[in-house]
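One structure is given below, encoded as structure tokens.
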Amino acid sequence: MPLPSVTALLKRASELEAERNQYADLWQEIAERVVPHKSNITKLLAPGERQTRELFDSTAPDAASTLAASIHGTLTPSTQPWLSFRIRQEELNELADVKDWLEDCAQRIHAALRQSNWTTSVHEMYLDLVGPAGMGCLFVEEKAPPASGGFGGFRFRAHAPGEYAVAEDAEGRIDTVFRWLSLTARAIVAKWGEPAVGAKIRETAAAKPDQRFTVIQAILPNADYAAPDDQRARQAKTRMPWVSCYFVRETREKLESGGFEEFPFLCPRWAKTSGEVYGRGPSHTALPDIKTINAVKEFLLKAAPLAMVPPTIEEDDAVVGDPDLRPGGRNTVSARGTRSIHEAFAFMETGLKVDLSQIILADLKASIRRIYFADQLELQEGPQMTATEVQVRYELMQRLLGPTLGRLETEFLNPLVERAFALMARAGALLPMPDSLRQRVPAGVELPDLDVEYEGPLARAQRTVELTAQDRVFGFVAALTQALVASGAPPAVAQSPWDVLKLDEWVRDRAEITGVRVDSLNSIEDVQQIRAAREQAQAEAAEADDARATAEAAGKAAPMVKTLAEVAGGPNGGRP
């Protein structure tokens, strides 16, 4: 099946855009109150225009930003490794050269991510995830390789809500993305070249180089995908698992056709309503409170001046001139007849209850911060938390975000690692497989079955229950041993509870969970050699001690033997 025509792609883009626009008004309403710098979904803001017209309270923007930063710092931190690899065949993970290769692959991927625009792009995606759309869209591609060849590095681009439309496959996975790019005629010519852009854009680039056009990129599954063993057919980019096509909406000119070995878009959703394609996040839940707190704050800001400088009630011609309502202002009042000055001039009672307004605002702020988990994510005021308290905080966060983390692993982290590993492997940026592993990979298979393990602080918190269980069992066995010793049990009986525990595996599990690097631990073979050498040294030392004791005993016995010999060899030949 050939690549769809531009007319067919444009029709599909219009259909997906119409479906997306059903969510656009809600996204705009949330963005204006939660992420103001992304509030150009349905409203085209002029450059430099104020973006906070609907914002009177900053609780929601602050809580959303805190949640996005916390997810970034605990799930995919920039300052520490957060992923590792394991071979699905568990026995292969014990081979020293396989461990080193897996560790090296993870380190190279981490280094490539740090050297790219990963940190800034993924943070923008997390803001979209907790903000207006309840989902993110991150494009992953390889930069142009350097002149010397090899791997050029990663390039990420976070697309804001309204810049893309998506579709799902039969299993609910996003496998189709149309994205809209606003580019000037000059930029289009510079990127794709004059022969590809068509006469209309060439003429515009010459006369009005800054006039903008809409370039649409369509990425969708390839119905003409070649089988994996048909390597020659897969040489053509249009026969890869996903096809890609750039075209200009206004001129219907096709600019470029290509393909991808892996789906290049990462589109995680916070949560999803059955029957819907797009996500829903905490901002959707908090929207009623967010709108209410902004309305209350706006009303309070308008009513506060009335309480501070209330309107006056004046008898006709009682005040000389206009009332002076400045602090310390003086007003001359003429009280005629029997009426007092207070009857002739007074301030109106507005009835505003500032304390009640503050109570309402405090409740709304607490509710919004609770929805964004800000009350659990931020450090409490007071003394610095201990390491145990920090760990408990991570465990609590994991429990609160458990379902969301599972979806993020499936829709974001797994595709990201798969895409990064494949790009670097094809570019030769990873070390080749060790011979001990290659010999066990079936013929025709490029890579063994790899499992990804996430090691960020939040992922580790999911396994801290294992550490707690180990601590409890270890403490119980130690107490039981001490009790047996105190009761006078034989040493063999007192030490028998330890025979139940595989302490070597406990130490390795604990090192893995707490994030100790693999190359910091000795392999099983090395441990066996160390123990064998220790036992041999102890045996040799015992033999030396035995020989020394024998020699000492012989030395002490020598005088006695000599005396006996002398007695035996006396004047009477040893006879009385």
Side-chain angles (χ1 to χ4, degrees), residues 79-112 387 417 421 424-425 428-442 445-457 459-460 462-475 477-478 481 491-492 495-546:
T79 57
Q80 65 185 87
W82 49 267
L83 68 90
S84 63
F85 297 104
R86 291 181 67 86
I87 306 296
R88 193 159 297 171
Q89 293 83 357
E90 191 62 34
E91 65 276 4
L92 299 180
N93 294 306
E94 303 303 329
L95 301 177
D97 54 351
V98 173
K99 282 185 177 181
D100 293 340
W101 179 70
L102 294 175
E103 180 77 15
D104 184 80
C105 290
Q107 290 178 3
R108 289 172 181 260
I109 292 177
H110 280 300
V417 176
F421 190 100
M424 295 185 68
L430 301 178
L431 292 178
M433 281 191 297
D435 293 337
S436 60
L437 181 58
R438 188 177 299 278
Q439 294 170 0
R440 292 171 171 81
V441 175
V445 178
E446 297 180 1
L447 288 171
D449 293 331
L450 293 177
D451 289 328
V452 184
E453 294 187 349
Y454 301 105
E455 300 178 344
R460 276 197 207 101
Q462 294 176 290
R463 300 189 63 187
T464 53
V465 63
E466 299 178 36
L467 301 181
T468 304
Q470 285 186 356
D471 292 338
R472 290 176 178 174
V473 174
F474 192 92
V477 173
T481 302
Q495 296 298 321
S496 60
W498 295 105
D499 299 336
V500 179
L501 306 180
K502 296 181 178 180
L503 295 180
D504 284 2
E505 294 185 10
W506 277 36
V507 172
R508 293 186 182 278
D509 288 345
R510 200 172 190 90
E512 177 187 350
I513 294 172
T514 53
V516 176
R517 290 166 54 97
V518 174
D519 54 8
S520 300
L521 304 176
N522 288 321
S523 64
I524 294 178
E525 295 80 5
D526 292 339
V527 172
Q528 291 174 347
Q529 292 176 4
I530 292 172
R531 289 175 176 172
R534 183 187 300 124
E535 291 175 359
Q536 182 178 357
Q538 291 174 349
E540 292 175 354
E543 291 178 1
D545 290 342
D546 291 343

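Along the sequence shown, residues are numbered consecutively beginning with 1.
Here the shortest heavy-atom pairing between Glu453 and Arg86 reads OE2-CD, 2.6 Å. When all heavy atoms of Ala106 and Ser84 are compared, the pair lying nearest together is CB-CA, 4.2 Å. Of all the heavy atoms in Leu450 and Arg88, the pair that sits closest is O-NH2, 3.6 Å. The minimum heavy-atom distance linking His110 with Trp82 is given by the pair CE1-N, 2.8 Å. Across all non-hydrogen atoms, the minimal contact from Arg108 to Asp104 is NE-OD2, 2.5 Å.
With rounding to the nearest 0.5 angstrom, the CZ atom of Phe474 is 7.0 Å from the CG atom of Leu503. From Glu535, atom CD reaches atom CD of Gln528 across 10.5 Å, with rounding to the nearest 0.5 Å. In this structure, Met433 CE and Ile87 CD1 are separated by 8.5 Å, a value rounded to the nearest 0.5 Å. Rounded to the nearest 0.5 angstrom, Glu543 CD and Gln536 CD are separated by 9.5 Å.
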Original post:
Does the side-chain contact (heavy atoms from CB on, under 4.5 Å) test come out yes or no for Asp100 and Leu431, once each step is laid out?
Top reply: CA-CA 10 Å; Asp100 293 340; Leu431 292 178; over 6 Å; no

Original post:
Do Leu437 and Leu95 pass the side-chain contact (heavy atoms from CB on, under 4.5 Å) test, and can you show the C-alpha distance, the side-chain angles, and the key distance before you say yes or no?
Top reply: CA-CA 9 Å; Leu437 181 58; Leu95 301 177; over 6 Å; no

Subject >> Working for side-chain contact (heavy atoms from CB on, under 4.5 Å), residues Asp451 and Phe85 >> reply: CA-CA 6 Å; Asp451 289 328; Phe85 297 104; over 6 Å; no

Subject >> Full working for side-chain contact (heavy atoms from CB on, under 4.5 Å) between Trp498 and Leu501 >> reply: CA-CA 6 Å; Trp498 295 105; Leu501 306 180; 4.0 Å; yes

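Taking 4.5 Å as the limit, every side-chain heavy atom of Cys105 sits out of range of all side-chain heavy atoms of Met424. Phe421 has its side chain out of reach of Leu83: every pair of non-hydrogen atoms, C-beta onward, lies at least 4.5 Å apart.
Heavy-atom contacts from other residues, nucleotides or ligands closer than 6.0 Å to CG of Asp545 number more than 12.
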